[in-house]
Enquirer: 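My questions all concern the structure below.
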Amino acid sequence: MFKKDLSVDFCGVHCENPFFLSSSPVGNCYEMCAKAYDTGWGGIVFKTVGFFVANEVSPRFDHLQKECTPFVGFRNMEQIAEHPLEENLEAMRKLKKNYPDKVLVASIMGENEKEWTELAKLVTEAGADMIECNFSCPQMTSGAMGSDVGQNPDLVKKYCQAVRKGTSLPILAKMTPNISDMAIPALASIEGGATGIATINTIKSLTKIDLNHYTAVPIINGKSSVSGYSGKAVKPIALRWIYELASNPKLKNVPISGIGGIETWEDAAEFILLGASNLQVTTAVMQYGYRIVEDMISGMSYYMEEKGFKKISDMVGLATQNIIPPDKLDRDYIVFPKFDDKKCVKCGRCYISCYDGGHQAIEWDEKERKPILIEDRCVGCHLCANVCPVQCIEKGEIKFKSGAAERKLVI
């Protein structure tokens with residue numbers, strides 16, 4: 001496996017690579033974490049610990065599936081660690097003893113200032129390299145914990161201050177996406193003593209309704225509940241939040257740990273290019289196992305070699321400068337679709353979608369079973385290309401609108 005130096009210094013902690021397990025079932029005991037370290041993960045955010053011990057439901061998972069994929073979106077009803085606090089602390093101590101060069105992040109969650117401070121002291125003594133404050137779990141049975149806290153900037157600041165009293169370690173504040181403006185609690189966390197931001201946690205959701213029992217899935221004795229949604233389906237939302245935090249001038253130079261739908265090295269590169277310098281993964285591990293980190297390391301290495309990046313930090317935030325307000329976008333031209341007759345399977349999807357959901361800019365040749373573009377009606381939206389099952393529609397001729405100056409474009 002080809003490897004470049006993927007090491008990063010994140011919140012003052014040296015990491016052999018930016019790939020971490022996020023706080024979740026995939027890292028909730030010594031044996032699991034040890035296996036992940038052995039497989040190549042640079043760090044682990046141990047499943048959230050607290051004085052609260054979760055009493056979980058069964059079953060607790062559901063998913064959204066598309067065609068032959070295992071799932072594109074995953075809903076869980078997990079709370080924080082089910083194991084007693086002392087058992088979790090002992091697992092952390094053992095991990096640091098046996099893997100001193102690996103990074104261990106302790107995720108904590110208290111119900112009041114005293115608990116946040118005490119938890120910070122305990123995980124610091126256990127040998128954690130960093131602390132992540134879980135302000136974002138959307139399915140806690142206590143309203144004093146989780147995303148209800150993360151939506152309240154005053155509480156976020158107060159609890160970060162409480163954690164800072166109990167430790168000198170770097171502190172990550174894990175933000176909830178179930179909010180209209182994440183920058184507000186993020187800024188509050190930094191004011192309270194946090195070193196960096198981790199985001200996103202899962203999105204409040206109901207994935208499907210059982211049409212026979214008239215309740216959501218999974219069913220727990222005839223009932224269900226709103227809970228967190230993760231996986232590839234949430235990646236676009238996660239990328240948006242990463243960009244908004246990274247481009248906020250008040251959060252300039254605040255380290256960001258990116259979470260949400262990362263499955264491949266390409267996903268990881270997108271998060272880094274938008275401003276994350278550390279990455280956390282859970283749902284993809286649940287699907288494919290710890291070994292996906294090997295593909296991430298190899299793929300990222302080849303990408304960096306191809307693009308001439310010497311280190312991960314050279315990539316961080318490069319794409320943010322090219323994300324601009326909609327009123328600043330170039331609206332002077334149309335890119336027409338181009339149909340590749342050799343690849344076309346004659347299914348007619350492009351014609352149906354354009355006629356019923358677009359601008360009626362495609363004519364269907366019944367005899368030859370092929371699409372014909374009606375250029376006068378085409379607005380260049382490329383709906384046709386997006387619905388094509390074999391991707392036989394490419395970007396074709398560019399035409400500048402009346403009065404617009406012709407020029408070289410990047411498309």
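Predicted model, so just to flag it, every value in this text is computed and none were measured.
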Enquirer: With a distance cut-off below 6.0 Å to the six-membered ring centre and an angular limit of 45° from the axis, does Lys94 pair with Tyr30 as a cation-pi contact?
Expert: yes
Enquirer: Tell me whether His14 at atom NE2 has more than 12 heavy atoms from other residues, nucleotides or ligands lying less than 6.0 Å away.
Expert: yes
Enquirer: So that I know where these two stand, are Tyr303 and Trp265 an aromatic pair - ring centroids less than 6.0 Å apart?
Expert: yes
Enquirer: May I ask you to check whether His83 and Asn88 show a side-chain donor-acceptor distance below 3.5 Å?
Expert: no
Enquirer: Between Ser257 and Gln280, do the side chains contain an N or O donor and an N or O acceptor separated by less than 3.5 Å?
Expert: yes
Enquirer: Are side-chain N/O atoms of Asn134 and Thr48 paired as donor and acceptor at under 3.5 Å?
Expert: yes
Enquirer: Quick one: pull up CG in Asn152 and OG1 in Thr176 and give me the separation to the nearest 0.5 Å.
Expert: 12.5 Å
Enquirer: Apply salt bridge (Lys or Arg N to Asp or Glu O under 4.0 Å) to Glu270 and list each qualifying residue two or more places apart in sequence or on a separate chain.
Expert: Lys235
Enquirer: Are Ser224 and Thr215 close enough that a side-chain donor and a side-chain acceptor fall under 3.5 Å?
Expert: no
Enquirer: Could you label the plane-to-plane angle of the Phe135 and Tyr159 rings as parallel, tilted or perpendicular, counting under 30° as parallel and over 60° as perpendicular?
Expert: parallel
Enquirer: Working to the nearest 0.5 Å, report the span between CD1 of Ile272 and CG of Asn278.
Expert: 9.0 Å
Enquirer: How many angstroms lie between atom CD1 of Ile220 and atom OG of Ser225, to the nearest 0.5 angstrom?
Expert: 8.0 Å
Enquirer: Report yes or no: do Thr320 and Ser247 form a side-chain donor-acceptor pair below 3.5 Å?
Expert: no
Enquirer: Could you give the distance from CG (Asn98) to SG (Cys33), rounded to the nearest 0.5 Å?
Expert: 12.0 Å
Enquirer: Taking atom types as modelled, find out whether Ser298 and Asp295 have a side-chain donor-acceptor pair closer than 3.5 angstrom.
Expert: no
